[in-house]
Amino acid sequence: MSGHSSVKRRMQALRSALTDYNYRYYVLDDPQVPDAEYDRQFRELQALEAEYPDLVTPDSPTQRIGATGETSFDEIVHRLPMLSLENAFSEDELQDFDRRVRERLGTDTDIDYVCEPKLDGLAVSLHYEQGLLTRAATRGDGYSGEDITANIRTIPSVPLKLRGEHVPPLVEVRGEVYMPRAGFESLNGLLRDRGEKTFVNPRNAAAGSLRQKNPKVTAKRPLEFCGYSVAVENEADLPDNQWDCLQLVRQWGFRINPEMRLATGVDECSAAFTDLLNKRADLPYEIDGIVFKVNRLALQQQLGFVSRAPRWAIARKFPAQEEMTTIEAVEFQVGRTGAVTPVARLHPVFVGGVTVSNATLHNMDEIERLGLHVGDTVFIRRAGDVIPQVVKVVPEKRPADARAIVRPEQCPVCGSDVIQIEGEVVARCSGGLYCPAQRKEAIRHYASRKALDIEGLGEKWIDILVDQGQVETVADLYRLSVSVLTGFERMGEKSASNLVAAIDGSRHPALWRFVYALGIREVGEATAKSLARHFGSLEALMAASDDELQSVADVGPVVAGHIRSFFDQPHNQDTIEALREAGVQWQTEVVEAASQPLAGQTWVLTGTLSSMTRDQAKAALEQLGAKVAGSVSAKTHCVVAGEAAGSKRTKAESLGVEIMDEAAFEAFLQNHNITGRDTGPV
Ligand code: I6G
């Protein structure tokens, strides 16, 4: 007796929770639980109702085909109800389905099934009268849906007129409206940039896009349509099996799913399931399972329907890509380039086929946008091979002791200041030369060709030297000896002495190369050259105020901020001092303002020059103070056009920008006492 009443209470709780979830999902567009959780509770209620039929109530969410949507679109009553599909969550459930099909048909022979990916979108019904699209409806509660004709007409893969000569007078094509992954990512990126709420998944995005009051908004959304069934008034107008019906749908101008295939018997269905599951991450759209349909329409008719689903079809579901869990902590990681990234530590959860216990949070803006606290219940999404993401917080489930998330002021790895320049979303550790997290990247950059050009010091050696504790900062490179290096496996005497010689040869770099080699954020080759020219010595650059830095061409407030915070870190200062002590002596530059006649000007090189290389021409122009850009604009001062100059020359002509041919350019350089082949450091 008490068992019966506790079952009754459980059923009541499930009914009320499911009704609430439906309302949040369909009316408020704001799901409160992931689909997988909804499905679990729905199935639990279904199972209890099957066991205790006297406890079924007419308002139970199981007693309707689907859920009611918002009523602000006109209502359309479906000619034939739009059913849903029975789900199979295991191999056993699929085998059971096939057995039931064969039992009902009274046959032992293998059944032919059409296997089709189940797109994660929204089912819609399209009506064509005399070949013309006349109305489109959502599934709604299965008996009537919403009139979304105006929005559907904006989807390019929906034909407005059916192709072909002999189209039946009334055709209904059903299928899925969905948003491909790439479109979903760019839409969410756009919404994020605008500080607007993003969509949890492509299906949510497709639903939100279809329910727009203004079709112009829908038209901008990357929606697609794929057909999966067809009905006509006179059955004789259709082939006698599902496969051929879909070929006809394709001939009328629809997209049908290219992954569709035929299987004979349930074992081939299982193989199709495994194949598709393996392909899932590579498909350009999301799928949540595979649908198996008895191919012959006569057999479909014989099987008929049960409550809300056809007996001749089943959806074998894939592992859910969204689940719910809680945030146990948020930690901050430092990447190779110093980016300080928050990472959520999760209560482990099985999602997208694996157990997940960490999720990236990208940056502090993302945490703010989500309104995330430690202790929160969240939706985790793991789609394809991408890193698991937190896509939604459920504020109703926030515990009283939830904690706000604060970005650390100091790098959790090296203790240097963490800097976030205004207008930038990423916070960074400013101990670039010293921070262990950035060590390898700092050394790789220092040794790279455009920096100190230490030949032979590639990533492989940097890994070994750092991992073996021989090198912590770039200054340690100068202490390496042939005997230390030959101690490593696969390092012969000759390559060891070559590497030591290459390191030794880097002791007297031009100032700009040294400044570039420090790896200050956003200080590339051109900016390093401008800084070297302007300040003449490292001491002057290190002591420069923010205003002085900003007086240099190319240096705005952001770059000036990066330079200042780099030189302000004691660890970076120590490393520069250690370099000096190790015998590294950058050359001081004395550059008179008068020798920079092109200062502030932007030049463009195009076509082939016969007397010098592109790099030589660039170096010569930079020596005269010009910035060399890759494209022509109204701000370009002059274009040097060599042989076979093309569109850049044409653009310069149309903008009235001065153009110099090779002879004029050579004369120009000679006038300034420069030969194009002079590529030495400026
Ligand atoms: O919701 C659905 C998705 C895909 C379907 C469906 C389908 O075929 C590939 N087929 C039917 C018959 C139904 N729903 C009712």
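For ligands, and for the atoms within them, numbers begin at 1 and follow the listed sequence.
If you check the side chains of Y178 and E224, you find a donor sitting under 3.5 Å from an acceptor. In the model, E75 has a side-chain atom that pairs as donor or acceptor with a side-chain atom of S144 under 3.5 Å. Side-chain contact, H78 with E172: no donor N or O sits under 3.5 Å from an acceptor N or O. At a cut-off of 3.5 Å, with distance as the only test, no side-chain donor of R43 or Q46 sits close to an acceptor on the other residue.
Closest to atom 6 (C) of ligand 1, if we only count protein heavy atoms, is Y228 CE1, 3.3 Å. Nearest to atom 10 (N) of ligand 1 among the protein's heavy atoms is K293 NZ, 2.9 Å. For atom 15 (C) of ligand 1, the nearest non-hydrogen atom of the protein is L83 O, 3.2 Å.
Those atoms of ligand 1 that come under 4.0 Å of a heavy atom in E176, given as number and element, are 3 (C). Set against the non-hydrogen atoms of E116, the atoms of ligand 1 under 4.0 Å away are 9 (C).
Within the 4.0 Å heavy-atom cutoff, M82 does not count among the residues contacting ligand 1.
Side-chain atoms of S270 come within 3.5 Å of backbone atoms of V266 as a donor-acceptor pair (strictly under, hydrogens ignored).
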